[in-house]
Amino acid sequence: MTENDVKSLFKSMKKLKAKKEVLKCIEKADHEYNQLCRIIHIAENSLDSLSESEREIIQMHLIDGYTWEQIMNQHERYHGQQNVQSKRTYERIQQKALKQILGIIDSGELDAILTNFVEI
């Protein structure tokens with residue numbers, strides 16, 4: 001699994017959660033539903049290893065789809081002008097967070113589960 005795979009996973013989170021809920025509503029708790037539950041659980045829990053700032057950036061940029069400019073504006077709104085950083089700094093924070101997540105999930109079983117999420 002690569003950093004780009006991890007990015008794709010988080011970019012797909014809303015879609016994966018929606019699909020899981022649809023399957024739950026139609027009471028189709030099969031292999032696909034179980035895989036979605038596992039993938040979502042792994043992704044959400046991997047965020048727990050990050051700092052608040054790293055989690056915020058992954059959430060806003062990859063999951064919610066905010067642009068870097070929107071992230072900077074949100075950061076200013078919540079943390080004040082003096083704490084706003086450059087776009088490049090936010091990109092580096094995200095890259096560091098993705099590497100940390102990759103280190104957590106880059107084990108045999110977890111990697112196999114997440115590598116197959118594209119097939120769902």
Side-chain angles (χ1 to χ4, degrees):
M1 183 162 239
T2 67
E3 282 182 44
N4 283 335
D5 294 332
V6 175
K7 273 185 178 180
S8 294
L9 170 64
F10 286 107
K11 286 180 178 181
S12 301
M13 283 295 289
K14 286 184 178 183
K15 180 181 170 186
L16 294 172
K17 285 181 177 184
K19 191 170 187 176
K20 176 188 158 205
E21 289 305 311
V22 168
L23 291 172
K24 184 178 177 181
C25 286
I26 61 172
E27 297 178 2
K28 188 178 178 192
D30 60 2
H31 176 69
E32 181 180 12
Y33 177 81
N34 292 334
Q35 280 294 93
L36 284 169
C37 289
R38 284 173 143 177
I39 291 165
I40 292 166
H41 183 75
I42 292 166
E44 288 177 339
N45 285 295
S46 69
L47 293 173
D48 290 342
S49 68
L50 304 177
S51 70
E52 182 180 339
S53 177
E54 291 167 334
R55 248 189 332 272
E56 224 173 56
I57 290 169
I58 296 290
Q59 177 70 43
M60 287 192 290
H61 188 246
L62 298 178
I63 298 172
D64 296 335
Y66 287 19
T67 65
W68 290 115
E69 185 175 300
Q70 290 170 316
I71 291 169
M72 291 168 70
N73 290 336
Q74 287 284 58
H75 202 262
E76 179 178 0
R77 186 175 303 141
Y78 293 114
H79 303 288
Q81 169 64 37
Q82 70 278 8
N83 293 315
V84 175
Q85 300 178 42
S86 71
K87 174 187 170 203
R88 183 67 191 127
T89 299
Y90 290 117
E91 290 172 336
R92 280 193 298 268
I93 291 169
Q94 177 178 281
Q95 185 177 23
K96 178 183 173 237
L98 290 172
K99 284 181 181 178
Q100 189 171 338
I101 290 169
L102 188 57
I104 292 167
I105 61 177
D106 204 15
S107 66
E109 188 176 335
L110 292 180
D111 188 40
I113 291 168
L114 294 176
T115 300
N116 293 327
F117 95 89
V118 177
E119 298 171 11
I120 292 179

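Bear in mind the structure is a predicted one, so any value in this text is a computation, not a measurement.
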Once you round to the nearest 0.5 Å, how far does CD1 of Ile57 lie from OH of Tyr66?
13.5 Å
Asp48: partners by side chain to side chain contact (heavy atoms under 4.5 Å, CB included), with sequence neighbours left out
Asn45
Testing the basics here: between Met72 and Gln85, what is the closest heavy-atom pair and its distance to 0.1 Å?
CE-O, 3.5 Å
Treat each ILVMFWY residue as a node, draw an edge where side-chain heavy atoms are under 4.5 Å apart, and state whether Met60 and Ile101 are in one component.
no
How long is the gap from CG on Leu102 to NZ on Lys7, to the nearest 0.5 Å?
12.5 Å
From Ser12 atom OG to Lys19 atom NZ, the distance as rounded to the nearest 0.5 Å
10.5 Å
Mark yes when over 12 heavy atoms from residues, nucleotides or ligands other than His79 sit less than 6.0 Å from its NE2; otherwise mark no.
yes
Roughly how far apart are Arg38 CZ and Ile40 CD1, rounded to 0.5 Å?
13.0 Å
Could you tell me whether His75 and Tyr90 have their ring centroids closer than 6.0 angstrom?
yes
Is Lys17 paired with Glu21 through a side-chain N to carboxylate O contact shorter than 4.0 Å?
no
Distance-only, no hydrogens or angles: does the Asp5 side chain make a donor-acceptor pair with backbone N or O of Thr2 under 3.5 Å?
yes
Assess the side chains of Arg77 and Gln74: does a donor N or O sit below 3.5 Å from an acceptor N or O?
yes
Cluster overlap Leu47 with Ile71, hydrophobic side-chain contacts below 4.5 Å
no
Under 3.5 Å, side chain of Glu54 to main-chain N/O of Lys96, donor-acceptor pair present?
no
Are Ile58 and Val6 grouped together when hydrophobic residues (ILVMFWY) are joined by side-chain heavy atoms under 4.5 angstrom apart?
yes
For the CZ atom of Phe10 and the CD atom of Gln94, what is their distance to the nearest 0.5 Å?
10.0 Å
Check against salt bridge (Lys or Arg N to Asp or Glu O under 4.0 Å), Arg88 and Glu91
CA-CA 5 Å; Arg88 183 67 191 127; Glu91 290 172 336; 3.4 Å; yes
So CD of Glu44 and CZ of Arg55: to nearest 0.5 Å the spacing works out to 12.5 Å
Assigning hydrophobic clusters by single linkage (Ile, Leu, Val, Met, Phe, Trp, Tyr; side-chain heavy-atom cutoff under 4.5 Å), is Ile39 placed with Ile105?
yes
Leu50, Leu9: one ILVMFWY side-chain cluster at the under-4.5 Å cut-off?
yes
Identify the two heavy atoms, one from Lys20 and one from Cys37, that lie closest to each other, and give their separation to 0.1 Å.
CE-SG, 3.6 Å
To check you understand the geometry: which heavy-atom pair defines the closest contact between Lys14 and Ile63, and what is its length?
CE-O, 3.5 Å
Any idea which heavy atoms bring Ser49 and Ile104 closest together, and the distance?
OG-CD1, 3.0 Å
Taking every heavy atom of Gln70 against every heavy atom of Gly65, the minimum-distance pair comes out as OE1-O, 4.3 Å
Which residues pass the side chain to side chain contact (heavy atoms under 4.5 Å, CB included) test with Lys11, sequence neighbours left out?
Leu62
